[in-house]
There are 2 protein chains.
Amino acid sequence: MARTKEQNEKIRETRKEVIRNAALSQFVKQGLFSTRIQDIATEAGIAQGLLYHYYASKDEIFVDLINDALDKTIGASYSVRDMDTDPCEKIRFSLERLVETIENSQTFLDTCRLITQATNSTAIPQAAQDLIQEKRNIPYQVIEKIMEAGQKEGTIIAGDPKMLAIFFWTSINGLAIYYSTNKNREVKLDYRVIAAMFLIESEREDKNHAKDKTVFK
Amino acid sequence: MARTKEQNEKIRETRKEVIRNAALSQFVKQGLFSTRIQDIATEAGIAQGLLYHYYASKDEIFVDLINDALDKTIGASYSVRDMDTDPCEKIRFSLERLVETIENSQTFLDTCRLITQATNSTAIPQAAQDLIQEKRNIPYQVIEKIMEAGQKEGTIIAGDPKMLAIFFWTSINGLAIYYSTNKNREVKLDYRVIAAMFLIESEREDKNHAKDKTVFK
DNA sequence: GTCTATATCCAGATAGAC
DNA sequence: GTCTATCTGGATATAGAC
């Protein structure tokens with residue numbers, strides 16, 4: 001019987017994830033407030049009433065999603081921070097991976113849009129606002145530190161590292177939203193162009209040529 | 001009596017502007033859907049029912065605001081396009097003005113946030129979506145053309161000009177939203193750092209020094 | 001666990017008095 | 001023109017049958 005209880009718990013968690021995915025898709029398209037519980041239930045393939053067996057309210061789902069989104073972003077930034085290379089390469093590598101992710105991961109695009117939406121509104125649940133307050137600056141701080149180190153090293157352009165970090169993330173975020181909302185996708189994203197913008201000229205040329213050899217052999 | 005009619009029309013238009021300003025402030029804070037007609041009326045200092053003598057619905061106000069916001073952005077980009085200088089200087093000058101505007105104009109910050117909100121949702125009124133579809137790309141195209149010309153001239157960095165244009169606008173937009181939602185304002189915005197990112201190194205140094213003399217004399 | 005049916009609430013929009 | 005009071009519709013959340 002103890003086993004059955006565990007299994008039930010697992011099934012329940014799986015079901016909650018289906019609901020979260022449905023909710024994410026709806027929130028990104030319609031926003032928190034014009035998404036109805038009915039919309040989420042329909043997309044999740046269950047009856048509207050049943051949703052309340054898993055979540056107490058629409059807000060609760062939203063808070064769960066925001067928390068996931070922030071944790072994923074923080075995790076990604078930590079993995080860059082902990083790389084065993086110089087700052088210049090960290091910037092280049094992270095941009096390469098982020099651009100790749102924009103092109104290939106719908107979840108990443110949705111995550112960017114959800115956080116943008118949440119950051120841009122004071123009407124979201126208090127718990128979500130608290131999470132944002134608590135966690136949102138971490139990725140900015142990580143990149144800021146890397147920019148600072150790169151400037152000391154002489155590989156990153158001059159300027160307030162805090163501003164460069166904001167620039168770094170808002171650009172990625174902006175590209176993701178642009179990419180997500182312009183389905184024709186007529187733009188070819190090239191991480192090397194973006195990376196070059198943060199690097200001083202000499203470094204820029206040298207490393208780009210080195211990169212060319214490995215990436216486009 | 002014809003005169004009275006004109007005056008009434010003028011008063012009416014003034015009153016509508018008060019309502020639009022109230023609505024903009026609310027939409028930016030709470031979003032279109034969680035803003036109630038009551039909220040707008042209260043901020044405008046009138047009764048809820050009276051609002052319907054000026055606007056038929058909440059959506060109608062929103063569409064008006066989106067139209068204004070898009071026209072302002074387009075107007076700004078045209079004034080840059082029509083400047084009588086080389087592309088490199090156009091980029092530098094427009095960034096200087098835009099950063100200045102971020103720091104001094106609450107309306108500009110609100111406008112950025114409203115457009116971001118609208119672009120990021122499919123639940124907004126159809127008329128607003130049509131306006132965005134029709135007008136939103138113009139500022140991107142204007143900057144794209146300038147980037148292209150600058151590349152031919154040898155003053156703008158390499159890369160798909162379409163991507164550079166997206167980068168240009170998303171960065172400004174991102175800075176505006178960051179600035180708007182982080183009231184501490186601990187970051188000193190410096191347009192020259194941003195401008196330098198779009199310019200090739202030699203141009204970057206020369207022109208920056210020339211600029212220093214005129215701007216910080 | 002899952003559904004359908006329903007109670008409750010609240011915001012948009014209207015009506016009517018002043 | 002302006003207000004208060006009210007109608008109406010729709011969404012959340014609950015209750016109850018299976």
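What's counted below: heavy atoms across the whole structure, side chains too, no hydrogens, waters or symmetry copies. By convention in this document, chain letters (A, B, ...) are assigned in the order of the sequence lines, proteins followed by strands, and residues within each chain are numbered from 1.
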**Item:** Side-chain donor or acceptor of A:Lys58 paired with backbone N/O of A:Thr35 under 3.5 Å
**Value:** yes

How long is the line joining [atom1] of [X] and [atom2] of [N], in whole Å?
| X | N | atom1 | atom2 | result |
| --- | --- | --- | --- | --- |
| B:Arg15 | D:dG1 | CZ | P | 8 Å |
| A:Ile61 | D:dT12 | CD1 | P | 10 Å |
| A:Asn8 | C:dG1 | CG | C1' | 10 Å |
| A:Leu32 | D:dA11 | CG | P | 15 Å |

**Prompt:** Any idea which heavy atoms bring A:Glu103 and A:Tyr179 closest together, and the distance?
**Reply:** CG-OH, 3.8 Å

**Item:** Shortest non-hydrogen contact between B:Val193 and A:Gly159, atoms and distance
**Value:** CG2-CA, 3.7 Å

**Request:** Take the angle between the ring planes of A:Phe62 and A:Phe27 and call it parallel below 30°, perpendicular above 60°, tilted in between.
**Result:** perpendicular

**Asked** Relative to A:Tyr55, does A:Lys16 satisfy both conditions: NZ or CZ under 6.0 angstrom from the six-membered ring centre, and within 45 degrees of the ring's axis?
**Response** yes

**Item:** Nucleotide of C:dG12, D:dT14, C:dT2 approaching A:Tyr54 most closely (side-chain heavy atoms)
**Value:** C:dT2

Strictly under 3.5 Å: I want the nitrogen or oxygen pairs between protein and nucleotides 3-5 of chain D, one per line.
residue : atom : partner : partner atom : Å
D:dC3   : OP2  : B:Ala47 : N            : 2.9

**Request:** Dot-bracket for DNA chain D, please, read 5' to 3', with Watson-Crick or G-U wobble pairs under 3.5 Å on both distances, ( ) within the strand, [ ] crossing, | other strand, . unpaired.
**Result:** ||||||||||||||||||

**Message:** Whether the A:Asn173 and B:Thr170 side chains hold a donor-acceptor pair (N or O, under 3.5 Å, no angle test) is what I'd like checked.
**Reply:** no

